[in-house]
Number of protein chains: 2
Amino acid sequence: MTSGIDEPAPDGALVADVFDKDCPSRKTMEHIGGKWGLLAVAALRERPLRFNALCRRVSGVSEKMMSQTLQRLERDGMVHREVRQAIPPHVEYELTPLGRKVSGHLAALIGLLEDNFDAIKAAQAEYDERSGEGR
Amino acid sequence: MTSGIDEPAPDGALVADVFDKDCPSRKTMEHIGGKWGLLAVAALRERPLRFNALCRRVSGVSEKMMSQTLQRLERDGMVHREVRQAIPPHVEYELTPLGRKVSGHLAALIGLLEDNFDAIKAAQAEYDERSGEGR
DNA sequence: CGGCATCCGGAACGATACTG
DNA sequence: CAGTATCGTTCCGGATGCCG
């Protein structure tokens, strides 16, 4: 990968540069990387879910936040919202093809963190000790 | 919220589960996935950088936020902080081996988003139209 | 069941100023 | 250069209540 570090982009290079503060990709990244976006995508990766099932799967989330999160993800084309006209209402959420690709990387990231959780805990303990018990 | 039955986590068989609201992995995930954590890691992936260089690379960040972000990442064992006693001060940040692994997945994610940026824009446009020009 | 509207407290954030 | 301190603002997020 020709990572032109601080030189002008080679012609034909990607316009979307996350390091640029005006890059719209940042917004999408934040939606995915944010507290709930990540978990919603990860949960939907296992299987399509209905709204309340999703809330239950992601423990700790409020309905409001889940709703907000899903709207953003739907807008970004990561999630598809399927409404089934009925009483009681039946709405199912599932990943789009793009969302599924994203979820793959996310799952890998989560797996990596879980695998190295001991190392992380150790690093935190050491840091806290050096800093004289900060947070 | 979790379950009526409160089970003590047997640390021996501990499986870090991000879906559990008490799972400490979530915090780390948020540090990495958050607005600035992601960008800091991505920037350091290219090469080790000094504090101000890092601030410059990640456009839009304030010194305060960068400092905070780096401290969290250092505490999580993603970033190593190397201090060189001198005048003027010289502090260099670089990824740890774990941080580098993480950065790989992050870079893949960023690349995926940039590649599909057109699709994302299209999805957003369509969504906005359906919703009657929302945000 | 699947939302949306409203309120409100606190955390996150940014700009600025200051220190070693 | 590499941060910390302080302050004002913004926005996140939870609780509650209502509607289709």
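Just so we're on the same page: letters track the sequence lines, and every chain starts at 1.
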Distance check needed: dC11(D) P versus Met65(B) CE, whole Å only. 15 Å
Output all residues satisfying side chain to side chain donor-acceptor pair (under 3.5 Å) with [X], sequence neighbours left out; order by chain, then residue number.
X	answer
Gln124(A)	Asp76(B)
Arg81(A)	Tyr93(A)
Glu30(B)	none
Ser103(B)	Arg45(B)

Name every donor-acceptor pair, under 3.5 Å, that has one atom in a side chain of residues 46-55 of chain A and the other anywhere in the protein, sequence neighbours excluded.
from     : atom 1 : to       : atom 2 : distance (Å)
Glu46(A) : OE1    : Arg57(A) : NE     : 3.0
Glu46(A) : OE1    : Arg57(A) : NH2    : 3.4
Glu46(A) : OE2    : Arg57(A) : NH2    : 3.0
Arg50(A) : NH1    : His90(A) : ND1    : 3.1
Arg50(A) : NH2    : Pro89(A) : O      : 3.4

On DNA chain C, reading 5' to 3', which nucleotide is the first and which the last to sit with an atom under 4.0 Å from a heavy atom of chain A, could you check?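 Endpoints of the contacted stretch of DNA chain C: dC1(C) to dC7(C).
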Restricting to non-hydrogen atoms, name the atom on Ala40(B) and the atom on Thr69(B) that form the minimum distance, rounded to 0.1 Å. CB-CG2, 4.3 Å
Report, as a single string ordered 5' to 3', how protein heavy atoms within less than 4.0 Å touch nucleotides 1-7 of chain D: B base, S sugar-phosphate only, - not at all. BSBS-BB
Is there a path of hydrophobic side-chain contacts, each under 4.5 Å between heavy atoms of I, L, V, M, F, W or Y residues, that connects Val83(A) with Leu70(A)?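 Val83(A) clusters together with Leu70(A).
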Without swapping roles, check the side chain of Ser25(A) against the backbone of Val18(A) for a donor-acceptor pair under 3.5 Å.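 No, because the side chain of Ser25(A) does not come within donor-acceptor range (under 3.5 Å) of the backbone of Val18(A).
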Residues two or more places apart in sequence or in another chain: which of them pass side chain to side chain contact (heavy atoms under 4.5 Å, CB included) with Leu38(B)?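 Leu38(B): side chain to side chain contact (heavy atoms under 4.5 Å, CB included) contacts with Met29(A), Leu106(B), Ile110(B).
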N-O pairing of Asp128(B) and Arg75(A) below 4.0 Å: yes
Specify the angle, to 10°, made by the local axes at the two ends of the helix from dC1(C)-dG20(D) to dG20(C)-dC1(D) when five pairs are taken at each end.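 One end's axis against the other's: 50°.
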